[in-house]
Number of protein chains: 2
Amino acid sequence: MVIQELSEAEADAIFRALADSTRRDILRRAIRHERSISSLADRYAMSWAAVQKHVAVLERAFLIVKERRGKEQIVRANLDSVRRASLLLDQFEQLWHERLDRIGDILTPPDTASPDRAPPGTASPDKEGTER
Amino acid sequence: MVIQELSEAEADAIFRALADSTRRDILRRAIRHERSISSLADRYAMSWAAVQKHVAVLERAFLIVKERRGKEQIVRANLDSVRRASLLLDQFEQLWHERLDRIGDILTPPDTASPDRAPPGTASPDKEGTER
DNA sequence: GTAACGTACAACCAAATGGTTATACAAGAA
DNA sequence: TTCTTGTATAACCATTTGGTTGTACGTTAC
């Protein structure tokens with residue numbers, strides 16, 4: 001399954017939306033089953049309008065989608081956005097492993113390195129160009 | 001490897017910290033290798049103080065730790081916090097799979113269900129108690 | 001010692017956030 | 001029709017955020 005990569009702005013929106021416990025809770029409820037905004041709002045000690053704003057933040061991050069059903073607006077979770085955020089976190093992990101690999105390269109001189117590694121010239125221990 | 005679960009406040013802090021492209025970039029640089037705050041600040045078109053504030057946000061979320069080395073403050077990434085955030089996202093995914101399982105239970109009546117499923121009485125199709 | 005560097009933090013400002021109340025409107029129920 | 005329910009949005013407010021400049025302080029280099 002291929003998941004579209006996140007733009008910086010989309011990543012901003014998703015993490016921003018997840019950075020609030022009420023919104024995470026709304027998302028959990030929406031994942032468990034679809035609900036109307038009102039039935040969600042009943043669960044929280046805040047005004048309907050406040051909950052509606054939280055829902056709007058989740059919607060702008062595409063973590064949920066709304067769908068009109070009669071007079072109700074049904075809130076449905078969109079797991080793809082969650083997965084994209086997860087993928088972005090995996091990239092941090094990946095950077096970390098690349099770093100560990102570079103350290104491994106230093107500890108293991110090229111001539112004694114295992115043959116499945118990239119040749120010394122393409123090892124690029126620091127891809128950051130002109131960075132000092 | 002057991003990773004400590006996140007409290008709500010910690011989750012708030014981590015996702016909040018990740019919800020800014022400058023901070024994600026700082027984190028990436030810190031993951032690739034340890035740096036001083038000044039060497040980080042040189043990379044961005046903003047004041048040193050602004051970068052220092054971003055670093056402080058990352059530090060409060062425990063995504064980085066600072067360590068004094070001579071007159072420099074070295075910024076080091078803490079992947080554990082990234083992993084905790086990742087784990088929290090996995091829990092959303094888990095909720096989704098539980099929901100799919102419940103739907104499967106409905107489509108597959110208990111008497112014809114495969115024997116490795118929980119018995120009907122403990123299936124608990126909705127754990128949310130008094131929720132209407 | 002002095003100078004330069006790296007850091008810390010206060011004070012300030014504009015904009016965004018997270019909440020409120022009030023108003024308006026559309027769809028269903030009576 | 002009228003009443004109720006669910007939704008949307010505006011206006012307002014306090015707090016936080018993300019940036020600025022300025023000041024201060026400890027450490028290293030000269």
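Below, read A as the first sequence line, B as the second, and so on, with proteins coming before strands; counting in each chain starts at 1. On a predicted model such as this, the values are computed, not experimentally measured, just so you know.
Nucleotides of DNA chain C nearest to D20(A) and R69(A) differ in position, and the one nearer the 5' end is that of D20(A). Residue-to-nucleotide proximity on DNA chain C shows that, of I74(B) and G70(A), the 5′-proximal contact is made by I74(B).
By the side chain to side chain donor-acceptor pair (under 3.5 Å) test, D12(B) pairs with R24(A), sequence neighbours left out. In this view, R99(A) and W96(A), R102(A), I103(A), E34(B) satisfy the side chain to side chain contact (heavy atoms under 4.5 Å, CB included) rule, not counting sequence neighbours.
Distances from the side chain of E72(B) to the nucleotides dT7(C), dG6(D), dG18(D) place dT7(C) closest. In the set dT20(C), dT28(D), dG6(D), dT28(D) carries the atom at the smallest distance from any side-chain atom of K71(B). Comparing atom distances between the Q73(A) side chain and each of dT7(C), dT20(D), dT7(D) picks out dT7(D) as nearest.
How far CG of L89(A) is from CG of D90(B): 9.5 Å, rounded to the nearest 0.5 Å. With rounding to the nearest 0.5 Å, the separation of CZ in R43(A) from CG in D25(A) is 10.5 Å.
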Protein and nucleotides 9-17 of chain C: nitrogen or oxygen contacts under 3.5 angstrom:
residue, atom, partner, partner atom, Å
dT17(C), O3', R16(A), NH2, 3.1

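In this structure, R68(B) reaches the sugar-phosphate backbone alone: every heavy-atom distance under 4.0 Å involves primed, P, OP1 or OP2 atoms, never a base.
Contact check for D80(B) versus R83(B): side-chain heavy atoms found under the 4.5 Å cut-off.
Side-chain N or O atoms of N78(B) include none that pairs as donor or acceptor with a backbone N or O of I64(B) at under 3.5 Å.
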